[in-house]
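For reference, the structure discussed in these notes is given below.
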Amino acid sequence: MYAKIIKPLFDFLAAFIGILLCSPVLIIIWLVLAILNKGKVLFIQQRPGKHGKPFNTFKFKTMNDKRDTNGELLPDYMRITAFGNFMRKSSLDELPQLFNVLIGELSLIGPRPLLMEYLPLYSKEQNRRHMMKPGITGWAQVNGRNAISWEKKFELDVWYVDNCSFLLDIKILFLTIGKLISSSNVNASEHLTMERFTGNNK
């Protein structure tokens, strides 16, 4: 009942209100990035949604497009801008994802959408993290994020899928807000590029 009806309705209303309240900030960041990045404002990347169905997730662009002498993009840590670093630390780069929530591709709370290339690398149990919509924040994000292993992250994601409830979502929401206020690394993998998932140890 909650996951199928109440949660999607809450997501829509929260995203709609959030976009309205954050519209001045969204406009200001958009204008600043348009100037700093020569018109390139959004970072758009395909990610797996519910049941692994791909969708395009939106974020404010935090890195430039500088390349080496061979035309290859420089490492992430060399391309992140000062303003981009500020947005990541404050999670302002995540604000455009409210539009993903509004159109029903994301939930406010759920397993974070990772890379499409990871899909064939999950075990059957780990793949259950895709049984529900991914979220902007989630149980793994408030329980260590970059300080825990991939296996532990997936374990937390699957636990959330099995135990999703209104009270749990409220708890995650308040934990996320608390970590953001205290500048804890709730999205540490966004601040520093985390090690790629290469599959499970045999």
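In this text, all values refer to a predicted model and were calculated from it rather than measured experimentally.
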Rounded at 0.5 Å granularity, tell me how far [atom1] in [X] sits from [atom2] in [Y].
X      : Y      : atom1 : atom2 : result
Lys50  : Ser107 : NZ    : OG    : 10.5 Å
Ile177 : Ile172 : CD1   : CD1   : 12.0 Å
Ile136 : Lys59  : CD1   : NZ    : 10.0 Å
Lys89  : Thr62  : NZ    : OG1   : 12.5 Å
Ile29  : Asp93  : CD1   : CG    : 8.5 Å
Phe154 : Glu125 : CZ    : CD    : 12.5 Å

Hey, is the main chain of [Y] close enough, under 3.5 Å, to the side chain of [X] for a donor-acceptor pair?
X      : Y      : result
Arg79  : Leu74  : yes
Lys153 : Ile148 : yes
Glu94  : Ser91  : no
Asn163 : Trp159 : yes
Ser149 : Lys152 : yes
Arg47  : Pro113 : yes
Arg112 : Gln141 : no
Asp68  : Asn70  : yes
Lys7   : Ile109 : yes
Asn100 : Phe58  : yes

Is any side-chain heavy atom of [X] closer than 4.5 Å to a side-chain heavy atom of [Y]?
X      : Y      : value
Gln46  : Met116 : yes
Gln97  : Thr57  : yes
Cys164 : Met132 : yes
Leu36  : Lys61  : no
Leu26  : Phe60  : yes
Glu151 : Asn200 : yes
Arg129 : Tyr122 : yes
Phe55  : Pro134 : yes

Do [X] and [Y] share a hydrophobic cluster, counting only Ile, Leu, Val, Met, Phe, Trp and Tyr and linking them when any side-chain heavy atoms are less than 4.5 Å apart?
X      : Y      : answer
Val101 : Leu9   : yes
Ile17  : Leu173 : no
Met63  : Ile35  : no
Val25  : Phe43  : no
Leu106 : Leu20  : yes

Any chance you could lay out the side chain to side chain contact (heavy atoms under 4.5 Å, CB included) test for Phe86 and Leu92, step after step, and finish with the verdict?
CA-CA 8 Å; Phe86 162 74; Leu92 290 173; 3.8 Å; yes
Which atoms form the tightest heavy-atom contact between [X] and [Y], and what is the distance?
X      : Y      : result
Ala15  : Leu98  : CB-O, 3.5 Å
Asp11  : Leu108 : OD1-N, 3.2 Å
Pro111 : Val161 : CG-CG2, 4.2 Å

Test Arg128 against Asp157 for side chain to side chain contact (heavy atoms under 4.5 Å, CB included), laying out the working first.
CA-CA 8 Å; Arg128 293 205 300 117; Asp157 287 340; over 6 Å; no
Pair Ile19-Leu102, side chain to side chain contact (heavy atoms under 4.5 Å, CB included): steps then yes or no:
CA-CA 9 Å; Ile19 290 170; Leu102 190 68; 4.0 Å; yes
What about Phe166 and Phe10, are their ring centers closer than 6.0 Å?
no
Are Phe197 and Tyr118 close enough that their ring centers fall under 6.0 Å?
yes
Does Phe83 CZ have over 12 foreign heavy atoms under 6.0 Å away?
yes
Count the heavy atoms belonging to other residues, nucleotides or ligands that lie under 6.0 Å from OH of Tyr2, then report whether that count exceeds 12.
yes
Given Tyr160 and Asp169, is the side chain to side chain donor-acceptor pair (under 3.5 Å) satisfied, shown in steps?
CA-CA 9 Å; Tyr160 173 79; Asp169 278 0; 2.5 Å; yes
Identify which one of Leu95, Ile80, Leu33 satisfies the side-chain contact (heavy atoms from CB on, under 4.5 Å) criterion when paired with Met87.
Leu33
Output yes when Lys133 and Glu105 qualify as a salt bridge under the 4.0 Å nitrogen-oxygen rule, no when they do not.
no
What side chain to side chain donor-acceptor pair (under 3.5 Å) pairs are there with at least one residue in residues 20-40, not counting sequence neighbours?
Lys40-Asp65
